[in-house]
Every structure is written in structure tokens, then in C-alpha cells.
Novice: 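Can you keep this structure in mind? I'll have questions shortly.
Within every chain, numbering begins at 1; the chains are lettered A, B, ... in the order of the sequence lines, protein sequences first and strands thereafter.
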Amino acid sequence: MIPIGPVIRLYHIVKSYGDRDALRDVSVTVDKGEMVYITGPSGAGKSTLLKLLYGAELPSSGKMLIGGVDVSKLDRHSLPTLRRNMGVVFQDFKLLPRRTVGQNVAMALEVIGAAEEQVRRRVPAVLNIVGLRGREDDAAGVLSGGEKQRVAIARAIVNDPPILLADEPTGNVDGAMAVEVMEILQAINLRGTTVLVATHDVGLMDRFPYRRLRLVDGKLVAGAAPRARA
Amino acid sequence: MIPIGPVIRLYHIVKSYGDRDALRDVSVTVDKGEMVYITGPSGAGKSTLLKLLYGAELPSSGKMLIGGVDVSKLDRHSLPTLRRNMGVVFQDFKLLPRRTVGQNVAMALEVIGAAEEQVRRRVPAVLNIVGLRGREDDAAGVLSGGEKQRVAIARAIVNDPPILLADEPTGNVDGAMAVEVMEILQAINLRGTTVLVATHDVGLMDRFPYRRLRLVDGKLVAGAAPRARA
Amino acid sequence: MIGVVRRAARGIREHLYLFFVATGVVAAALVLLGTFALVVVNLQGLVAGWQQDVHVSAYFQPSLGVEDWAEAKSAIAGRVEVDAVSLVSPEEAAAWMTERMPEVSEVVGELGPSALPASLEITLRAEHRGAEAVDAFAESLSASGRFAEVDYGREWVGRAGSFLELLGMLGVALGVIIAVAALFLVGNTINLVVLARRDELEILRLVGATDGYILGPFVVEGVAQGLLGALAALGCLQAVHRGLLVQLDDILPLAFGAESLHFLPAGLVLALGLGGVLIGALPAWVAGRRFLARLP
Amino acid sequence: MIGVVRRAARGIREHLYLFFVATGVVAAALVLLGTFALVVVNLQGLVAGWQQDVHVSAYFQPSLGVEDWAEAKSAIAGRVEVDAVSLVSPEEAAAWMTERMPEVSEVVGELGPSALPASLEITLRAEHRGAEAVDAFAESLSASGRFAEVDYGREWVGRAGSFLELLGMLGVALGVIIAVAALFLVGNTINLVVLARRDELEILRLVGATDGYILGPFVVEGVAQGLLGALAALGCLQAVHRGLLVQLDDILPLAFGAESLHFLPAGLVLALGLGGVLIGALPAWVAGRRFLARLP
Ligand SMILES: Nc1ncnc2c1ncn2[C@@H]1O[C@H](COP(=O)(O)OP(=O)(O)OP(=O)(O)O)[C@@H](O)[C@H]1O
Ligand SMILES: Nc1ncnc2c1ncn2[C@@H]1O[C@H](COP(=O)(O)OP(=O)(O)OP(=O)(O)O)[C@@H](O)[C@H]1O
Ligand SMILES: [Mg+2]
Ligand SMILES: [Mg+2]
């Protein structure tokens with residue numbers, strides 16, 4: 001893993017909802033190929049930070065560059081391009097309950113126009129990685145919480161995105177499975193993907209030590225810059 | 001906490017979905033006023049067990065008594081009575097996103113016909129307990145994951161139910177908050193409420209030691225009977 | 001009771017869009033039904049008006065005199081079918097003919113005032129203006145032996161009568177089609193509204209609400225939708241009616257004689273309101289119940 | 001392209017209920033429009049048939065003879081307004097009168113065959129049967145000085161004409177009302193369908209789908225809804241048509257003469273199909289786009 005310059009740069013980002021500030025003056029740099037935690041207590045702004053990165057929200061002020069592109073004022077027609085270059089594990093999964101596990105995962109390949117043959121090959125492969133081999137044809141809606149979470153992870157990694165954002169990807173799985181999930185993310189990171197993981201599992205962060213961006217009440221209190229430069 | 005006999009009794013409960021068995025021959029007794037963990041890996045059947053208890057699913061076979069009433073074949077018109085005597089923290093929260101936090105919590109009081117004055121008194125009180133004082137008028141849909149989870153807890157405890165079922169109530173909160181949540185559940189248990197908590201947080205179970213019903217692949221592998229009798 | 005209404009009001013506020021869609025659909029359904037009723041009521045009035053032109057002319061035998069004429073007139077005036085009878089003397093007949101048929105006026109003039117027979121002009125009551133009733137009536141006059149000829153524009157009676165019958169049938173057929181379509185459309189909409197609010201129903205049920213507790217405000221909202229929809233529909237219908245009146249100002253007198261377009265009679269207006277409440281509340285109740293029945 | 005259709009098929013399978021609701025609403029809208037068109041087409045045919053009864057009778061001056069009559073006939077036959085002209089000789093007129101007005105037949109008989117004037121019976125082309133056109137035509141005949149009298153049932157011409165005009169206006173008014181209601185109803189339904197599928201749209205957008213990728217299958221589903229709805233509507237309309245034919249079998253000949261009920265002309269059937277596709281696909285596109293525009 002050779003850092004080759006920043007891929008994500010945030011300058012003085014503020015995000016307010018009415019009179020509540022979810023993020024206050026956050027400036028962060030993430031290098032290409034880095035793996036970074038976003039941590040902090042409930043309501044600190046972790047998910048909000050990720051939402052800004054995948055364009056679900058626009059910052060109230062400040063500037064945001066992803067791969068050199070200013071995404072702080074991206075119009076909605078450029079968003080799909082940004083999102084095709086990102087895998088996102090949503091905190092609430094965002095699966096389609098009536099589609100099968102396989103179809104939910106395939107979705108991320110279909111929207112980028114992947115060939116059918118590639119879909120047939122990749123989908124079972126990633127389901128195998130997250131331990132859901134054989135569940136391909138079950139409706140996503142009937143899965144257990146932890147199973148849904150793993151489908152969400154499978155969908156986020158199926159098209160080998162350059163950037164992976166994971167919002168509490170181990171919140172619904174037991175300790176052993178959480179370690180497995182972290183190992184999956186680590187393996188992806190080792191292949192060159194930039195990985196941002198929002199989590200509050202201190203044990204896990206201790207076991208897999210990477211830089212921690214710590215948010216408290218919307219303020220970044222630690223980990224603003226890559227370790228080498230800090 | 002004086003155990004005064006079993007309030008929940010399960011005899012050879014089986015729950016199958018098609019050819020998948022979520023629960024296989026589970027027999028369990030829970031005493032009145034007890035606090036019990038339901039644990040096991042992802043997909044082991046924890047949520048399914050709770051769903052049977054609050055009547056969201058009927059068992060495929062076996063017998064289930066709650067407070068002496070056979071609920072294994074309860075018709076749907078008797079379900080409301082059962083549910084009014086239970087607080088449930090759902091794994092996916094089940095909040096109404098467009099209603100305010102206060103309204104979501106008040107809902108559990110309104111359905112039992114509580115007086116308006118009681119609603120005005122109890123709702124802020126429980127929101128205070130779960131650390132959401134001042135968020136009463138925010139729409140539930142805009143809350144962070146951990147905040148939603150705490151609203152769900154507040155709703156489950158607002159009407160002081162004799163039985164409390166909590167499905168992974170600490171999955172979306174950080175360590176310190178998880179301890180707080182456990183302390184809340186403990187306090188409620190100390191007031192006489194029977195509490196069942198599905199969780200896979202081993203650290204928490206070690207810190208708050210109660211009986212553990214351990215499910216693996218739908219089979220109960222430990223903790224079938226209260227400690228005193230086991 | 002107050003609780004139900006308050007919860008219904010909250011439901012409306014929270015789902016304002018859904019409420020207005022449902023209200024709009026109820027209104028649209030009622031506008032269709034009401035417009036249809038408006039047209040039927042007016043066309044029936046129109047054709048019934050034409051039917052008033054149906055007269056039976058009974059020409060006396062030349063052998064009868066003034067006294068016989070008067071006697072026959074009062075006898076016929078006493079019959080249930082008869083609305084009015086007037087006697088046309090030979091002089092009046094000649095005058096009428098001279099006016100209406102100028103080409104034969106000379107001939108009539110040459111023949112003198114009593115060349116044409118005296119006759120009775122009989123108007124029948126509305127219930128007895130059907131082709132068959134008129135046939136039977138004319139037959140009975142002929143059978144009395146007093147008249148040389150009984151005449152009543154058989155063709156015209158038949159045409160207006162069967163047109164009225166046709167309108168009646170069309171009215172029933174179209175009415176049924178429109179009513180079925182209206183019910184179907186409102187039912188569907190309410191179903192979709194229930195679908196859009198499925199989470200709410202499911203969650204209420206999970207926290208221990210009874211079916212009645214959940215359905216109560218739903219039905220109240222349905223009543224509100226129905227009432228508002230009916231009001232909106234009446235407004236639209238009034239506008240249509242006014243618009244037509246203005247447009248048809250110069251045509252109407254020709255087609256209707258002195259008559260004008262009617263608005264719906266009060267009974268139908270009331271029916272529209274009640275219908276609105278019904279097609280607002282009933283599907284809400286049915287759809288809500290059906291959805292709840294599927295929940296555990 | 002194949003991908004879009006396949007995804008549309010999947011969308012239909014996954015939301016079969018929504019698909020059939022939308023199709024049903026399109027069908028209901030088209031049945032309303034089609035029934036309306038059916039009624040208008042047939043009533044217009046009916047009243048136009050009545051208008052054919054409009055004849056202008058022009059009675060020659062007594063001073064003119066057979067040759068003048070023939071000359072006038074061919075001159076008038078050459079005019080653009082005129083469809084057909086026939087000459088009624090005094091003998092024919094007498095025969096007609098004897099038949100139609102038996103009460104004066106004796107009188108006519110006494111006067112001999114040439115007592116009545118010769119006349120021309122003129123039928124006008126359909127475009128020239130309006131009250132004003134007939135007025136003008138009659139005027140021009142009178143002005144020629146050849147005729148002692150020009151007669152044309154002014155009242156009847158006016159009545160049929162203004163009834164036709166009334167129908168036309170009613171037709172436009174009702175057509176607009178029904179069309180607006182239909183669009184409103186279909187639009188609402190599709191909006192509700194989009195609402196029911198909002199999660200799908202939102203999630204597709206979140207994983208990087210473009211608006212086009214999301215809307216494509218949506219519009220294809222709309223086309224399918226429209227086509228199926230139009231087919232169903234045509235089936236219903238045929239059934240209504242048949243049903244009316246059976247019901248009206250005995251009434252029609254009286255009201256229409258030899259005529260019968262028409263089904264919609266091919267052009268209107270085609271319009272119905274296209275209209276179905278349009279009101280199926282267009283609101284799907286509009287509603288989908290509007291919903292997507294609100295998503296980040
Ligand atoms: N749309 C919104 N409107 C108003 N407030 C919002 C909105 N979205 C988020 N917030 C608030 O912003 C704060 C940060 O939310 P965020 O979801 O980023 O927290 P988080 O760090 O992810 O917490 P958790 O660990 O509980 O998921 C919370 O207090 C939340 O209530
Ligand atoms: N309606 C259903 N149809 C089919 N399979 C189901 C259904 N509900 C649950 N299952 C399966 O039953 C198993 C047990 O599910 P359950 O939700 O009880 O697991 P859990 O112990 O709560 O897991 P987690 O910790 O991930 O929440 C899972 O494999 C799940 O996929
Ligand atoms: Mg979060
Ligand atoms: Mg579970």
C-alpha cells in the first residue's frame with residue numbers, strides 16, 4: 001500500500017440542518033489507498049460525513065474534492081458517475097426487500113452496464129465472501145439483521161470500486177463475524193481501494209489499527225490528516 | 001428481584017420458513033422478573049424467537065405460554081391485548097419517520113388509551129432517560145442510527161410493560177451508550193419487568209451477567225431454564 | 001370519539017398529498033356522475049317538452065251538430081288520460097288551414113266556412129303519451145262512432161317516444177358504466193393510499209393497537225374526503241352548468257321553446273353529497289380492513 | 001434496449017398489483033372516453049338522419065307551365081347547395097293530399113286534379129341544412145319570381161339544427177370534462193404507484209443509476225399499461241355496444257328509421273389505442289421524472 005497522494009480532501013466543511021450543526025468546520029485529507037475509521041458517539045456526524053461524500057447531501061459551506069473533482073456543488077446529473085466509483089454500505093442497508101439477495105447485489109453491476117456473464121460470475125463470488133453462499137435466491141426482506149448487513153457489504157464491493165464507504169458495517173453481526181467483515185474490508189483495501197469505515201466498535205479498531213477520524217458533536221477532534229503527514 | 005414462577009414457557013417450538021428451520025425444538029422457561037439474554041451468531045434465530053413472543057409469527061409446531069395464556073394459536077383479535085403488555089425494541093426500530101420523536105413514543109401510550117396528561121408527563125421523562133431530551137419535536141426520520149435506536153427503546157418502556165423484549169438494542173450505539181442502555185434495561189428489570197435482550201455483544205454480557213439463552217442454527221445450546229433450576 | 005377525529009386530522013396533515021389525491025378522485029368521480037345526471041335530466045326535459053306537441057285531433061262526423069260536439073268534449077275531458085280538450089269549429093279550422101297552407105287557401109275560401117269538419121284537439125297527460133297509450137286512446141275514440149277520423153301524427157309520437165325510451169336505456173347503461181368506473185377508480189386510489197401508509201398501519205398494530213383503533217381515523221378521513229370531494233364536485237358542476245347556459249343562450253330557445261337548462265334537482269344534489277361520503281368512507285374501510293387482516 | 005424491456009418485465013412481475021391497478025385505471029378512463037365517443041357518434045348520426053327530412057317545397061306561380069317547371073328544376077338541380085330535386089305535378093300533389101289529409105280529400109276531389117299548384121321538392125346537401133343556409137336558399141328561390149310560395153318547415157329545420165348544435169356543444173363540454181377527469185385520474189394513480197415504489201427509485205439512484213436508466217423501464221411499463229388498458233377498454237366498449245344493440249333492437253327502427261347503432265369508426269379506435277399508450281406512458285414519465293428530481 002503506497003500512498004500516492006490524497007483522493008479525498010475536505011476544507012472547512014459545515015453541514016447544518018436548520019439550527020442543528022451536524023458537521024462543524026471539518027477539514028480532512030484521505031490518501032489514495034488508505035483505510036480510515038470515522039468514529040465518535042451516536043449523533044456525532046459520522047453518517048452525515050459519509051452522506052456528503054456519496055452526494056446524498058450537499059455541504060452547507062466548505063469545499064470537497066474527490067479524485068480532484070469539486071463535489072461540493074456537483075449537479076445531480078454528475079452524481080451517478082461519482083457513485084459508480086464508490087461502494088457504499090448504508091447504515092440502514094437500503095436493500096429492496098422483495099428482490100432476491102442475488103438481484104440486490106447484481107443491481108450495482110447492472111447500473112454500470114456490466115455484461116450478464118460478469119454478473120453471473122461476480123455475484124456468487126462476493127456472496128461467498130460474506131458468508132451467504134446458497135442464500136442467493138431468498139428475498140432480501142426475510143433475512144436476519146446480520147444477513148442483510150452482509151448483503152449490503154456484498155453489493156458495495158461487487159464492482160471493485162476505487163472508494164468504499166461503510167457505515168457501521170459490523171453493527172448487526174456478532175464478534176466473530178465482525179472480525180470477518182473487517183478482514184474483508186482489509187483485503188479490499190490491500191488491493192488498492194480507499195476505505196472509510198464509520199464505527200464505534202473500539203475493540204475492532206484496536207484489533208485492526210488504522211487512522212481514526214474522531215468526531216464529537218460535529219467537530220473533528222482527531223485524525224485530520226494521513227498519519228505520515230500529521 | 002424475587003422469581004415468582006415462570007411467565008414465559010416454550011415447549012418444543014419449531015419455526016420453519018419453507019425448508020429453512022429458523023428454530024428447531026426450542027424449549028425455554030423464563031421466570032417472572034427475570035432478565036435473560038438471547039445470543040448466538042447472525043441468523044441463529046434470535047429475532048425469530050422474539051417475533052414468536054410478540055405474535056408477529058406463529059410457531060410451526062410446539063406450544064407457547066405467556067402469563068399462562070397459550071399464545072401459540074392466538075387469533076389476531078387477541079393479539080393487541082398481548083402486545084399492550086409488552087414493550088418491544090425492534091431490530092429495525094419500526095419508527096414512523098414523518099412523525100416526531102415525541103409522537104413516536106406517545107404512540108405506545110395512545111393505543112392503550114392513556115390520558116393526555118399522562119402522555120405529556122411520561123414522554124419527556126423517558127426521552128430524558130435515553131438521552132434524547134430536547135429532540136422531542138424532530139422528525140424521527142432525520143435521526144442518526146443510534147438516536148433512532150434510543151427512540152425505539154423509549155417507546156418500548158414508556159408504558160411500564162410487564163414484559164420487555166429488546167432485539168439488539170445496542171447494535172447502533174457506541175460502547176459508553178451501550179452501557180447506559182444496559183443500565184436502563186437493568187433498572188426496569190429491577191422494578192419487576194421481565195426482560196429478554198437479543199444481543200451478540202459479549203463484552204456487554206460479561207459486564208452485566210444474566211442467564212444466556214444461546215441459539216446456534218435454530219437450536220438452543222445453552223440456558224434453557226432459569227439458573228436457580230438449571 | 002374526539003380522539004378519533006383528532007387522529008384523523010393528524011393523518012390528513014401528515015399525508016396531505018394522499019388526502020388531496022383521494023379527495024380529488026372522489027370529486028372527479030362525482031363530477032362524472034353529476035355531469036351525466038345533468039345531461040340526462042335536461043335531455044329528458046327536452047324530449048318530454050317535444051312530446052307535449054302530441055295532440056290527438058278527432059274530426060267529427062259531418063252529421064253531428066254543435067250540441068253533440070259539446071257533449072263529446074265534456075265526456076272526453078272527463079277521461080283519465082286527458083289533460084285538455086279544445087273544440088275547433090269549422091271556421092277555426094278554415095282559418096288555420098288558410099294560414100298554414102296558403103296554397104290551398106283559395107280552394108278553402110271558395111268552399112265557404114263550413115266545408116271543413118269540426119274537431120276536438122286533445123292533449124294527453126304525460127303518462128299517457130307513449131305510442132301505445134296514444135294508439136289505444138285513438139282507437140277508443142274511433143270506436144265511439146262519433147268521429148269520421150282520428151289523427152295524431154303517429155310517426156312523431158313514435159319517434160319522440162322511442163327517443164325518450166332510447167335515452168332512458170342509454171341513461172341506465174351509461175349510468176351503470178360511469179358508476180362502476182367511479183367506484184373502481186376510487187377503490188383503487190384508496191387501496192394505493194393504504195399501500196402508501198402500510199408502515200403506519202403495521203407499526204400501530206405492532207405496538208398493540210386494535211383494528212378499530214387503526215380503522216377509526218381512516219374512516220373519518222374517508223368521510224372528510226367524501227364531503228370535500230362532493231363540495232368540489234358541486235362547484236365544478238355549477239360551473240359547467242353556468243358555462244353551458246352562457247354558451248347555449250341563443251340555441252336553447254329554438255331547441256326547447258321557452259325552456260331553459262335545469263341544474264340538478266335538490267334530491268340529486270343531496271344524493272351526490274351522500275354518495276361522496278359513501279364512496280369516500282366505504283372503500284377506506286374496506287381497503288383498511290383487508291390490509292389489516294393480512295397483518296399478524 | 002433489450003435490457004430496458006427485461007427490467008420493465010421484472011418491474012411488472014414485482015409489482016403486479018400496481019401494474020394491474022394502473023392498467024385498470026387507464027382502461028376505465030378509456031371506457032369513459034370511448035362510451036362518450038360512441039354516444040356522440042350515434043346521436044349525431046341520428047339527428048343528421050332527422051335532418052334529411054328537411055325538404056324545401058317551392059310552389060310554382062299558377063301562370064307557369066310544364067316547360068317552365070322543367071327548366072326551373074334543372075336550374076336548381078345545378079346549384080351547389082342542392083342534393084336532389086323532384087317535380088310534384090298538381091296531380092301528384094292532389095294524391096298526396098288525399099292520402100295525408102283525408103278530411104279535405106272530398107274538397108280536393110271536387111275541385112279537380114289541377115286545383116293544386118305544381119311544386120319542386122328540393123333536398124339540400126348535408127352542409128347546407130343549417131337554419132340560416134336554408135333561409136338564404138329559400139329567399140333566393142322566392143327572389144327568382146317563379147314561385148308563389150317557398151315552404152320548408154322553418155320550425156323543424158331550426159329545431160333539428162339547434163339540437164345538433166346543442167349536441168355538438170354538449171359533446172365538446174362533456175368531452176373536455178371526461179378527458180380532464182381521465183388525465184387527472186390516471187396521473188394520480190401513476191403518482192401513487194411511483195410513491196409505492198419510491199424505495200426502489202431511491203436505492204437505484206444511490207447505487208449510481210442515471211435518471212434514464214431508472215425511467216426507461218418505467219416508461220416501457222407505462223406503454224404496456226396503456227396498450228393493455230386500451231385493449232381491455234375496446235373489449236368493454238364492444239360489450240356495451242352489443243348489449244345496447246340487443247336492448248334497443250325494437251326501439252331503434254322507430255327512432256332511426258332503417259339505421260342501426262354504429263361502433264366507433266376505425267379512426268377513433270386507433271385514437272383510443274394511441275391515447276391509451278399516451279396516457280399510460282406520459283404520466284409515468286412525468287411522475288417518475290418529478291420524483292427523481294427531488295432525490296439527490
Ligand atoms: N436531515 C436531518 N435533519 C435534521 N437533523 C439531522 C438530519 N440528519 C441528521 N441530523 C442530525 O445530525 C446529527 C448527526 O447525525 P449522524 O447520522 O451523522 O450521526 P452518526 O454519527 O452517524 O450517529 P450514529 O452513530 O447514531 O449513527 C444527529 O443529531 C442527527 O439527528
Ligand atoms: N420470513 C422468513 N422467510 C424465510 N426465512 C426467514 C424468514 N425470517 C427469518 N428467516 C431466516 O431465519 C433465520 C433466523 O433469522 P433471525 O432473524 O431469527 O436471525 P437472528 O438470530 O436474529 O440473526 P441476526 O443476529 O442477524 O439478527 C435466518 O437465516 C433468516 O434468513
Ligand atoms: Mg450513523
Ligand atoms: Mg435478529
Novice: Flag the one option from A/Pro41, A/Gly203, A/Ala22, A/Ser47 with the top tally of heavy-atom pairs under 4.5 Å to chain B.
Specialist: A/Pro41
Novice: Let me know if A/Asp138 has heavy atoms under 4.5 Å from chain B in its side chain, its backbone, both or neither.
Specialist: side chain
Novice: Testing the basics here: between A/Ser42 and B/Arg150, what is the closest heavy-atom pair and its distance to 0.1 Å?
Specialist: OG-NH2, 2.8 Å
Novice: CZ of B/Arg133: more than 12 outside heavy atoms within 6.0 angstrom?
Specialist: no
Novice: Counting neighbours of CG on B/Asp19 that are heavy atoms of other residues, nucleotides or ligands and sit closer than 6.0 Å, is the number greater than 12?
Specialist: no
Novice: Quick one: closest heavy-atom pair of A/His200 and B/Val173, and the distance?
Specialist: CE1-O, 3.2 Å
Novice: Would you compute the distance between atom CG of A/Asp201 and atom CG of B/Asp201 and round it to the nearest 0.5 angstrom?
Specialist: 7.5 Å
Novice: Tell me which of these, A/Asp174, A/Val202, A/Asn172, A/Thr199, has more heavy-atom pairs under 4.5 Å with chain B than the rest.
Specialist: A/Asp174
Novice: Could you tell me whether B/Asp92 and A/Lys148 make a salt bridge, using a distance below 4.0 angstrom between a side-chain N and a carboxylate O?
Specialist: no
Novice: Heavy-atom cut-off 4.5 Å, strictly under: side chain, backbone, both or neither for A/Ser144 against chain B?
Specialist: side chain
Novice: Heavy-atom pairs under 4.5 Å with chain A are the metric here; pick the option from B/Glu168, B/Gln149, B/Arg135 that has the most.
Specialist: B/Arg135
Novice: More than 12 heavy atoms of other residues, nucleotides or ligands under 6.0 Å from CZ of B/Arg76: yes or no?
Specialist: yes
